[in-house]
**Student:** 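Let me give you the structure first, and then I'll get to my questions.
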There are 2 protein chains.
Amino acid sequence: MKNYWIAIDWGTSNFRAFLMKEHQCLDTVSAQCGLLHVPDRQFAAALKPLIARWLALHPQLPLLMAGMVGSQQGWQEVPYIALPASSRQLAQCTASLKTPWGSPCQIVAGVSGKNEFGLPDVMRGEEIQLLGLAALHPDPQNSQYVILPGTHSKHAELHNGEILRFSTFMTGEIYSVMLSHSLLGRDVPESPEDPRAFALGVTNALHAPHLSNALFSARTLRLNGELTPAQVASYLSGLLIGAELYAVAGKEAWIVGSPALTERYTRAAKQLGITLTSADGNACFIQGMTQIYQCLHGESS
Amino acid sequence: MKNYWIAIDWGTSNFRAFLMKEHQCLDTVSAQCGLLHVPDRQFAAALKPLIARWLALHPQLPLLMAGMVGSQQGWQEVPYIALPASSRQLAQCTASLKTPWGSPCQIVAGVSGKNEFGLPDVMRGEEIQLLGLAALHPDPQNSQYVILPGTHSKHAELHNGEILRFSTFMTGEIYSVMLSHSLLGRDVPESPEDPRAFALGVTNALHAPHLSNALFSARTLRLNGELTPAQVASYLSGLLIGAELYAVAGKEAWIVGSPALTERYTRAAKQLGITLTSADGNACFIQGMTQIYQCLHGESS
C-alpha cells in the first residue's frame with residue numbers, strides 16, 4: 001500500500017487522525033482521547049483501537065504525529081526547535097519509534113522562542129497548522145498574522161512560509177479556572193451563549209486595559225443588576241477574548257480554530273475594528289503534515 | 001461605662017475587633033473567623049465569644065461594624081452608598097440592629113461607583129481605612145492615591161478627605177486560583193518566597209503588558225530551566241503585583257496592608273520607579289471608625 005500514511009494530532013485533551021494517500025485525506029477519526037486519558041503511558045495500546053479500521057487494511061502504515069504526544073508527558077519527548085521554524089527544519093528534528101504492530105512512527109518537534117515581549121514561549125501541534133496555512137493561503141506580502149484560539153491561544157507571525165515569532169495567551173484556561181474556582185463563577189448556571197453579554201465583555205475589555213481589574217466587573221455588573229448570573233460566563237468570555245484581541249489592534253489576521261470559537265473571535269474582532277479571515281483547521285493541519293511527510297520521504301513518496 | 005464601644009472589621013476571611021474608649025484603642029482581638037466560618041448565619045453566636053472578655057466588663061457595649069458583614073451574605077445587608085464618600089455620609093447610612101445580649105449595633109455601608117475605566121466597582125470595609133488614612137496623614141495637596149493590597153486589591157483616589165474614585169484588581173484571587181487550579185501550579189511545592197523570582201516576575205510584567213500572555217511565562221521559564229518549581233509561586237506573585245502596579249506608573253501612593261504584603265508591594269514598586277509610603281492598617285481602621293462613631297453619637301460621646 002505505497003503512499004498511504006496516517007497523520008495524527010495528539011494533544012492533551014483531543015485526538016485526531018487522518019488516513020492519507022500522498023497529500024489527500026481519505027478518512028478521519030477524532031476522539032476525546034487526549035494524553036490525559038491515556039492510563040499509565042500506554043500510548044500504543046490507546047492508539048491502536050483508534051486507527052484499527054485503517055490498520056486492518058494496511059497493517060504497518062507509517063505514522064506521523066504532532067502535538068503534546070512529543071512532550072515530556074507524551075509518548076516520546078522531542079526537544080523543541082528554535083525560531084524561525086520551517087517544515088524542513090521540523091522534518092529534520094523528528095523522533096522515531098516503532099509501534100508494537102510494526103508501523104514506523106515519527107513524532108514532530110514543538111517550537112520554542114522568545115515572543116514579542118521578550119519572554120520564552122512554546123508550542124506543540126500549532127506549528128503544523130501555521131505552516132499549512134502559509135502554504136494553503138500564501139500572502140502576496142509574504143507576511144501573515146495568525147490566531148489559533150483555545151485553552152492557550154497562539155498568535156503567530158509568519159514570514160516567507162516560516163514561523164517567525166509567536167505569543168501565547170491563556171484565554172481559555174483563565175476563563176475556565178476563574179469560572180470554576182473564583183468568586184466570579186459563584187452560582188453561575190450552565191447557560192447558552194448570550195451574545196449581548198459577550199459583546200459587553202469585549203467592549204469593556206477595550207475600556208479597562210488591566211485584566212486583573214477588568215475581571216472584577218464580572219462580579220460588579222451582576223451586583224448592580226446589569227448582568228444576570230446566566231450571562232456571567234458569556235461576559236467573561238467576551239472580556240478575555242477582547243483582552244487577547246487588544247494585542248492585535250490594527251492588524252489583519254487569520255484565525256484557525258473550531259467553528260464556534262472562530263465565530264466568537266470574529267464577532268469580537270469586528271467590534272474592535274480588526275479584520276479576521278478564517279481558515280479550516282483540519283485542512284491546515286493536513287497540509288502542514290503533508291509538507292513534513294514529503295520532506296521526510298522525498299517528494300515522490 | 002460611658003464612652004466605651006467596640007469597632008469591628010468583619011470580612012469574608014478574617015475578624016478583627018477593637019475595644020475603644022472614645023478614640024483610643026484599649027485592646028484588640030483578631031481571629032480567622034470571617035463570614036465564611038459562620039455556620040447557618042449564626043452571626044450573634046459567632047460574635048459573642050470573640051468579644052466575651054470585653055462584654056464581661058461592660059455587658060451592653062455598643063458595636064460599630066464594617067466589612068462584608070454588611071453584605072447580602074452578612075448579618076444584615078446595608079446598601080452601598082455612592083461616590084464620592086465621606087465619613088459623614090457613611091454615618092448617615094448605617095443599618096441598626098440589637099444583639100441578643102442587648103448591645104446596640106450599627107453596620108456601616110459599603111461604597112460603590114464607577115472606576116476610572118468606566119466600570120462599576122464596589123468595596124466593603126476598605127472605605128474605613130481610606131477615610132482613616134486621609135485623616136491621619138492629610139496631604140498638603142488634598143489629594144492621595146492609596147493601595148490596599150489583598151485578595152481584591154483596591155486602588156483609591158482621595159480628595160479633601162473623601163473617597164473620590166477607586167478600582168479593584170483581583171491580584172490575590174488570580175494568584176491563588178491559578179496556582180491551585182491551572183497548569184501553572186502543577187507540581188509546585190509549598191516554598192518560602194524567593195526574592196529573585198519575585199523580582200523577575202515584576203520585571204516581566206513590565207515587558208509583557210498583556211496579563212493573559214505574561215502568565216504563560218510562569219510555565220515556559222520553568223520548561224527552559226530559568227525557574228525551578230519552587231520558584232513559580234514567587235514569580236507568579238511578582239508578575240501579578242507588577243501588573244497591578246503598572247496601573248500606578250508614575251504616581252506616588254500610600255499602601256495600607258499587612259506587613260508581608262506591604263513589603264512585597266514596596267519592593268515591586270521600587271523596581272517600577274513608584275514611591276510607596278506605608279501606613280498602619282489597624283491605625284487607619286480605628287481612625288476611620290472613630291470618625292463615623294463620632295458622627296453617629298456626637299463629638300462629645
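Per chain, numbering begins at 1; letters A, B, ... match sequence-line order. Note that the structure is a prediction, hence the values are computed from the model and not measured.
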**Student:** When heavy-atom pairs shorter than 4.5 Å are enumerated against chain A, which of B:L183, B:N115, B:T151, B:N204 gives the highest number?
**Tutor:** B:L183
**Student:** Heavy-atom count check: over 12 atoms from other residues, nucleotides or ligands less than 6.0 Å from A:E252 CD?
**Tutor:**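 Open.
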**Student:** Can you measure from CG (B:N213) to CZ (A:F117) and round to the nearest 0.5 angstrom?
**Tutor:**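 Those atoms lie 5.0 Å apart.
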**Student:** Over 60° means perpendicular and under 30° means parallel, so tell me whether A:H210 and B:F169 are parallel, tilted or perpendicular.
**Tutor:**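 Tilted, since the angle between the ring planes falls between 30° and 60°.
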**Student:** Could you tell me which non-hydrogen atom of B:T220 sits nearest to which non-hydrogen atom of A:P120, and how far apart they are?
**Tutor:** OG1-O, 2.7 Å
**Student:** Below 4.5 Å from any heavy atom of chain B, which atoms of A:L223 appear? Answer side chain, backbone, both or neither.
**Tutor:**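 A:L223 touches chain B through side-chain heavy atoms alone.
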**Student:** Against chain A, label B:L215 side chain, backbone, both or neither, depending on which of its atoms sit under 4.5 Å from a heavy atom there.
**Tutor:**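 Both backbone and side chain.
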**Student:** Does any backbone or side-chain atom of A:N224 lie under 4.5 Å from a heavy atom of chain B? Answer side chain, backbone, both or neither.
**Tutor:**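 Only the side chain of A:N224 comes within 4.5 Å of chain B.
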**Student:** So which part of A:L221 gets closer than 4.5 Å to some heavy atom of chain B, the side chain, the backbone, both or neither?
**Tutor:**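 Both backbone and side chain.
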**Student:** Using a cut-off of under 4.5 Å for heavy-atom pairs, which of B:Y80, B:Y246, B:F216 has the most such pairs with chain A?
**Tutor:**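 Most heavy-atom pairs within the cutoff with chain A belong to B:F216.
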**Student:** Taking every non-hydrogen pair under 4.5 Å, which of B:V177, B:T168, B:L119 racks up the most with chain A?
**Tutor:**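 Sorted descending by pairs with chain A, the first entry is B:T168.
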**Student:** Rounded at 0.5 Å granularity, tell me how far CE in B:M170 sits from OG in A:S212.
**Tutor:** 9.0 Å
**Student:** Do other residues, nucleotides or ligands put more than 12 heavy atoms under 6.0 Å from the CZ atom of B:R186?
**Tutor:** no
**Student:** Which atoms of A:H152 are under 4.5 Å from chain B, going by heavy atoms: the side chain, the backbone, both sets, or neither?
**Tutor:**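 It is the side chain, since no backbone atom gets that close.
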**Student:** Roughly how far apart are A:E173 CD and B:R219 CZ, rounded to 0.5 Å?
**Tutor:**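 Output value for this atom pair is 9.5 Å.
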